[in-house]
Amino acid sequence: QVHLVESGGGLVQAGGSLRLSCAASGRTFSRPAMGWFRQAPGKEREFVAAINWSDISIYYVDSVKGRFTISRDSAKNTVYLQMNSLKPEDTAVYYCAVRGSDLGNSYYLGHLYDYWGQGTQVTVSS
């Protein structure tokens, strides 16, 4: 079992920044993939960013490229999402997720992830 705890959400004005953290505990994987997803009210869950631990390959949804940065700290089993130049349309509950193995090109498919965090609310005011 893996336990994921997100933190760092909050209320910020448009153009501001937030850094989300996702700390993993419990079972460890040697070559996991970790991702961030978000879900806005009335909308489906959306892929945001992912990182494969094995080759540090990184992926982003087009709408956040150049504004968000995903990174990892292997020693802390933590993945981060630095969000800059936030827009009101970034408002959502953000979830981190982990899969026990590299996802290759399927990083955006939420159903392939094994464990999910409880989510953290990000609200961007205009």
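What you see is a predicted model, and the numbers here were worked out from it, not measured in a lab. Excluded from the calculations below are hydrogen atoms, water molecules and symmetry mates; all remaining heavy atoms, backbone and side chain alike, are included.
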Of the non-hydrogen atoms in A14 and P88, which two are nearest, and what is the gap between them? CB-CD, 4.1 Å

Is any side-chain heavy atom of D90 closer than 4.5 Å to a side-chain heavy atom of Y94? yes

Do L109 and V48 sit in the same hydrophobic cluster, where Ile, Leu, Val, Met, Phe, Trp and Tyr count as joined when their side-chain heavy atoms come under 4.5 Å apart? yes

Scanning both residues in full, the closest heavy-atom pair of L81 with A49 reads CD1-CB, 4.1 Å

Under the criterion side-chain contact (heavy atoms from CB on, under 4.5 Å), I'd like the reasoning laid out for R72 against T78: C-alpha separation, chi angles, the key distance, then a yes or no. CA-CA 6 Å; R72 64 177 173 93; T78 298; over 6 Å; no

Is it true that Y80 and V122 fall in one hydrophobic cluster, defined by side-chain heavy atoms closer than 4.5 Å? no

Donor-acceptor pair, T91 side chain versus V124 backbone, under 3.5 Å? yes

If you define the side chain from C-beta out and look only at heavy atoms, does anything of W36 sit under 4.5 Å from C22? yes

Counting C-beta onward and ignoring hydrogens, is there a side-chain heavy-atom pair between V79 and I51 closer than 4.5 Å? yes

Taking the side chain as C-beta and beyond, is there a heavy-atom pair between Y60 and T69 under 4.5 Å? yes

Joint hydrophobic cluster, Y95 plus I58, side-chain heavy atoms closer than 4.5 Å: yes

side-chain hydrogen bond (donor to acceptor under 3.5 Å, both in side chains) contacts in which one or both residues fall within residues 110-126, not counting sequence neighbours: E6-Q118, Q121-T123

Return the set of residues passing ring-ring contact (aromatic ring centres under 6.0 Å, His included) with F68 (not counting sequence neighbours), or none when no residue passes. none

How close do R45 and Q39 get, heavy atom to heavy atom, and via which atoms? N-NE2, 3.8 Å

Which residue pairs satisfy the side-chain hydrogen bond (donor to acceptor under 3.5 Å, both in side chains) criterion with at least one member in residues 7-27, sequence neighbours excluded? S17-N84

L18 with M34, same ILVMFWY side-chain cluster at under 4.5 Å: yes

If you compare all heavy atoms of L112 against all heavy atoms of R99, which two are closest, and at what distance to 0.1 Å? O-NH1, 2.8 Å

Once you round to the nearest 0.5 Å, how far does CD of E89 lie from OG of S63? 8.5 Å

When rounded to the nearest 0.5 angstrom, what is the spacing between CG in N52 and CG in D102? 3.5 Å

Taking the side chain as C-beta and beyond, is there a heavy-atom pair between V93 and R38 under 4.5 Å? no

Please report the closest heavy-atom contact between G9 and L20, naming both atoms and the distance. N-CD2, 3.5 Å

Applying ring pair (Phe, Tyr, Trp, His ring centres under 6.0 Å) to Y59 and Y108, what does each step give before you reach the verdict? CA-CA 8 Å; Y59 309 93; Y108 59 95; 9.1 Å; no

